[in-house]
Structures are given as structure tokens and as C-alpha cells.
Protein chains: 2
Amino acid sequence: MITELKENYGYLFEDALLNEINNVGTFKEVPEGYMLMDIGDYIKSMPLLVSGAVKILREDDKGDELLLYFIERGDTCAMTLSCCMGQKKSEIRAVAETPTKLIMIPVEKMSEWMSKYKSWQNFILQSYHDRMTELLEAIDSIAFLKMDERLFKYLKDKAMVNRNDEIQVTHQNIAFDLHTSRVVISRLLKSLENKGKIILNRNNIKILDL
Amino acid sequence: MITELKENYGYLFEDALLNEINNVGTFKEVPEGYMLMDIGDYIKSMPLLVSGAVKILREDDKGDELLLYFIERGDTCAMTLSCCMGQKKSEIRAVAETPTKLIMIPVEKMSEWMSKYKSWQNFILQSYHDRMTELLEAIDSIAFLKMDERLFKYLKDKAMVNRNDEIQVTHQNIAFDLHTSRVVISRLLKSLENKGKIILNRNNIKILDL
DNA sequence: TATAAAGTGTAACCAATGTTACTGTGTGCT
DNA sequence: AGCACACAGTAACATTGGTTACACTTTATA
């Protein structure tokens, strides 16, 4: 684990902290689609992403979903953190977008390190800031963009975290993430294809205009 | 200033910290409508709200606005904080919703106190968590509610921060906050009035179903 | 290979919201 | 009083997005 740690977090944390993480953290590897956290869960540990990507979703009372953003390597989930501290329930759902490797840190340490290591403190604050920025971006998309623009942005973001200009996804699953219907997505995808921005195939979309 | 400080933050901070705040903070009183911060501003100090309320807005490229949430007494703006630390620009606009009193803390102190006072650390983390929760609530409203539900929620929130079941506002200004058009708001307000939920008058809306 | 299931394309229709345009009515000012 | 202006009501219409329905194709599986 120490190798992965140094590779992804070595530039952030001093050796003493890296060693502490190595001692108390547990390595975890999950497949695509694995649900790391659900709405209402109580959280006992915080994840540091080593590789892969995790998508963060919001859900309403009726069970309708909405994709908020992706978390990638070198990042953490700041929500976890504040949930841990206040013993609160998770407000969001986290699902592995790709096969993902993480290091789980027990809650107690997290707060202890806040005072002990300046670098940890900065990391946590930076993480909060990044997450807020991404929430704001999500708000921009929903509030200011039309569905076709949101869709194209979604495709590009997804291609980004998958590091591939071809993404494997069904129209139905896109509809879930964007909180709309399959028919609407099919219609808009076809229109994007006609404009030469993508190429459609069963379970596969190639993005041309990245 | 020390009186207001103790009244609003005494239960949170130890005396030593209250004294430090008293020494370095500057008291500020602004009228309704005063813009405390704009998008793109560099921030040099962080506000602690003593009384009143501040509304936080997002804006897109075309200048269209959207209300995110209100900040009230006993609260701070966590965005400010992360902006300060990273020397980044503000992502949001802050406008006094009512006459407002605040204490401004210079950036340097903020980060110094993070290590020095556990209570300050908790306050900051709590504030981040609260702000994220409110952003999520904003997302819920935009993504999952219809315009008439959003409107009624808006009216209730506004009544809350104004501590009054009658709010003074024009249909046009509501339209700005909810990022829609005046005609749509007038139409929906009239429908809410017909349902017996509000009473409409020029520049004034009384909320019955609080 | 037969059959079922999942995925996609598309038409027709509906509902919600946005737009344009015009009317009337208070309010403040001269 | 007379005038200008901000504010509100409302009709008519356009657009976007959501819904229903059905046909067709590919993939999985008995």
C-alpha cells in the first residue's frame, strides 16, 4: 500500500503522515458499479482515492437520481468528513464509475491529524473547496444549460474520467444520471450525431468534439 | 463589538479566541441591498454574521442570476475561507438581504487559528458542512421541484430570514432570484393566491401557509 | 435455433415553462 | 390635476422537455 500512497499523495503529505496513513489505513479495491456509500449511511471511515473514479449522486424522495460530479485519483470525499465529525448521515450516494482502488482512514484519525499535520489540514480544506466548486458547476449545468448542452457536457466529463473518447453506456443510464427520460436522451443523442459531434452505437458513444 | 461577539459566538469560542477576534476584527454595518462580495473579487477578510441576513447568488456568462441560499446570524461564509487560502477569486456574489452587522476577520488569522483553537477548527468545518448541505438543497429545488413548488419554498425561506410573514418584493425580483421570467412568476403567484396560500399586494406578499 | 430481454429509433401527443404584447393601476413628481 | 413610470394581470403563442406507444435490432440464453 505504501507504494500507491507515496505515488498519489507523496507530494502532499510529509513522511510521518504517510507512515501513519500506512499504519491505520486499509486498502480497498472495488469493481465498477460498486456502491461505496448510500444516502442515510453512517460513515466510519474516509476514503482516499488511489486510482479509478467514483460518481457522486443525489436522490429525491421519489427515488429520482441526479449525478453531481466525479471524484478522481488523489482526491477524497469531503462530505464523508463532515458527516463523520458530526455523526451525521450521508446526504449522497457514491458509486464506483470504474474499477477503483482506495485507502480507508478511520474517522478518529482524521480529526486528530487536523491539528497534528498542517498538510492534512490543507488537504481537507482544499478538498472542501474543490467539492463546493463542483457543486456550483453542477448547479450551473442544471440551472443555466439546456438539456442538449447538459448532455454533451456529461458525455465529455464521462469520457474524461474514463480516459477514453468512447464511453460504454446505455441511453437509459444517461437518463438516470441527468434526471430525464430515455426517449429524451435518445432524441438529443441522435441530434448530436447529426451535428457530427458524436457517433452512436449500441452501448457505445464515441465523442468526436472533445 | 465584544458584546455582540459574546452574544452570538460566546457559546462557540473560548474567551482567548473571543479576545483575539475582538482585537483584530473590524465591525461593519451595511444596509439592505449592499453588495458584500462579487464574482471575481479577491477576498482579504472573512465575515462573521452578527445580525441580519445575506443572500448568496450565482451568475452565468450571460449575466443571469440564481439565488443559492441565505446566510444568517452566527454563521460565516465558507467560500470566502477557501478563496482566501488559495488566493482564488470568489465564485459567488453576496448581497445583504436585510440591514446586516458583521465582524470582518483578516485572512492570516483565520488560518493561524485553525491550528491554535480547536473550537475555531470545528466552526470552520461545521460551516463548510452547512454550506454544502445548503448547496445540495438548492440543487434539489432546481432539479426535482416544479416552478410553483420552488416559488413557494422561496417565499417561505424569504419570510424566514426576514422574520416576517409579509415580504416586500416585486415579481420581477423574484424572477431574477429563481432565474425565470416575470410573467411566469406573476402567473404562479396568482395561482398560489387562488389556492389560499398567499395574499398578493403591490410590492407585498403575505404568506398564509407557513 | 427459438425465444426472451435489452437497447434503440421515432411519431404523436401533452404539460410546463418561456415569450411577446398589450392593458390597467397605483405612486411619485411637477 | 397631469404625467411618467414601475408594477401587475392576462391572453396568445412558441419551445422545451416529458409521456405513451410501437417497431425494429442486437444480445443473451434456454
Side-chain angles (χ1 to χ4, degrees), chain A residues 32-33 60-67 139-155 158 166-207, chain B residues 32-33 60-67 139-155 158 166-207:
Chain A
E32 183 184 327
D60 76 350
D61 346 301
K62 292 186 292 293
D64 296 332
E65 283 196 348
L66 177 74
L67 171 70
I139 288 176
D140 287 350
S141 295
I142 310 169
F144 299 131
L145 299 186
K146 300 222 170 142
M147 194 52 88
D148 59 341
E149 298 170 297
R150 277 181 66 197
L151 173 57
F152 193 55
K153 184 171 184 301
Y154 169 87
L155 296 175
K158 198 156 172 108
E166 282 185 41
I167 57 181
Q168 320 299 319
V169 66
T170 66
H171 299 185
Q172 182 60 72
N173 282 325
I174 299 177
F176 284 143
D177 282 349
L178 297 185
H179 186 239
T180 179
S181 80
R182 199 273 307 168
V183 180
V184 170
I185 294 300
S186 291
R187 188 196 284 156
L188 294 175
L189 280 174
K190 185 51 73 179
S191 144
L192 282 174
E193 188 178 41
N194 290 337
K195 286 178 194 150
K197 296 191 155 193
I198 58 176
I199 295 173
L200 293 176
N201 278 299
R202 189 187 174 89
N203 283 318
N204 179 294
I205 303 173
K206 185 175 167 74
I207 292 106
Chain B
E32 182 186 329
D60 77 350
D61 347 301
K62 291 187 291 294
D64 295 333
E65 283 196 349
L66 177 74
L67 171 70
I139 288 177
D140 286 350
S141 296
I142 310 170
F144 300 130
L145 299 186
K146 301 226 169 137
M147 193 53 89
D148 58 341
E149 299 170 297
R150 278 181 67 197
L151 173 58
F152 193 55
K153 184 171 185 299
Y154 168 87
L155 295 175
K158 197 153 172 113
E166 283 185 40
I167 57 181
Q168 320 298 319
V169 65
T170 66
H171 298 185
Q172 181 61 72
N173 282 326
I174 300 178
F176 284 143
D177 282 349
L178 297 184
H179 187 239
T180 178
S181 79
R182 199 272 308 167
V183 181
V184 170
I185 294 299
S186 291
R187 186 197 287 157
L188 294 175
L189 281 174
K190 186 49 75 179
S191 144
L192 283 174
E193 188 177 42
N194 290 337
K195 286 177 194 151
K197 296 192 156 193
I198 57 175
I199 295 173
L200 293 175
N201 278 300
R202 189 186 174 90
N203 282 319
N204 180 294
I205 302 174
K206 185 176 169 73
I207 293 106

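Sequence lines set the chain letters: A, B, ... in the order given, protein chains first and strands last, and positions in each chain run from 1. The basis for the numbers below is simple: all heavy atoms, side chains too, and nothing from hydrogens, waters or symmetry mates.
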Got a second to check how far [X]'s [atom1] is from [Y]'s [atom2], nearest 0.5 Å?
| X | Y | atom1 | atom2 | result |
| --- | --- | --- | --- | --- |
| B:Asn173 | B:Phe176 | CG | CZ | 6.5 Å |
| B:Ile174 | B:Tyr154 | CD1 | OH | 5.5 Å |
| A:Asp148 | A:Lys197 | CG | NZ | 8.0 Å |
| A:Ile198 | A:Leu192 | CD1 | CG | 4.5 Å |

Could you check how far [atom1] of [X] sits from [atom2] of [N], rounded to whole Å?
| X | N | atom1 | atom2 | value |
| --- | --- | --- | --- | --- |
| A:Leu189 | C:dT8 | CG | C1' | 10 Å |
| A:Lys190 | C:dG7 | NZ | P | 17 Å |
| A:Asn201 | C:dA6 | CG | C1' | 16 Å |
| B:Leu145 | C:dT17 | CG | P | 11 Å |
| A:Asn194 | C:dG9 | CG | P | 10 Å |
| A:Lys146 | C:dA16 | NZ | C1' | 14 Å |
| A:Ile198 | C:dT8 | CD1 | C1' | 13 Å |

Checklist entry - Which of residues 167-178 of chain A have a heavy atom under 4.0 Å from DNA chain D? => result none
Taking all heavy atoms of [X] and all of [Y], pick out the closest pair and write down the distance.
| X | Y | answer |
| --- | --- | --- |
| B:Leu66 | B:Arg150 | CD1-NH2, 3.7 Å |
| A:Leu178 | A:Met147 | O-CE, 4.3 Å |
| B:Asn204 | B:Glu166 | ND2-OE1, 3.1 Å |

Taking only N/O atoms, report every protein-nucleotides 19-29 of chain C pair under 3.5 Å with atom names and distance.
residue: C:dT19; atom: O4; partner: B:Arg187; partner atom: NH2; Å: 3.1

Next on the checklist: I want to confirm an ordering. Mapping A:His179 and B:Asn203 to their closest nucleotides on DNA chain D, which one lands closer to the 5' end?
Outcome noted: B:Asn203
Next on the checklist: Using the rule given for salt bridge (Lys or Arg N to Asp or Glu O under 4.0 Å), can you reason through A:Lys62 versus A:Asp60, listing the C-alpha separation, both sets of side-chain angles and the distance that settles it, and then say yes or no?
Outcome noted: CA-CA 5 Å; A:Lys62 292 186 292 293; A:Asp60 76 350; 3.7 Å; yes
Item to check | First-last contacting nucleotides on DNA chain D - partner chain A, under 4.0 angstrom, heavy atom | outcome: D:dT16 to D:dT27
Next on the checklist: Is it true that A:Gln168 and A:Asn203 share a donor-acceptor pair across their side chains at a distance under 3.5 Å?
Outcome noted: no
Next on the checklist: Treating B:Arg182 as the side-chain partner and B:Ala175 as the backbone partner, does any N or O pair qualify as donor plus acceptor under 3.5 Å?
Outcome noted: no
Checklist entry - Counting distance only, does the side-chain N/O of B:Glu193 pair as donor-acceptor with the main-chain N or O of B:Leu200 below 3.5 Å? => result yes
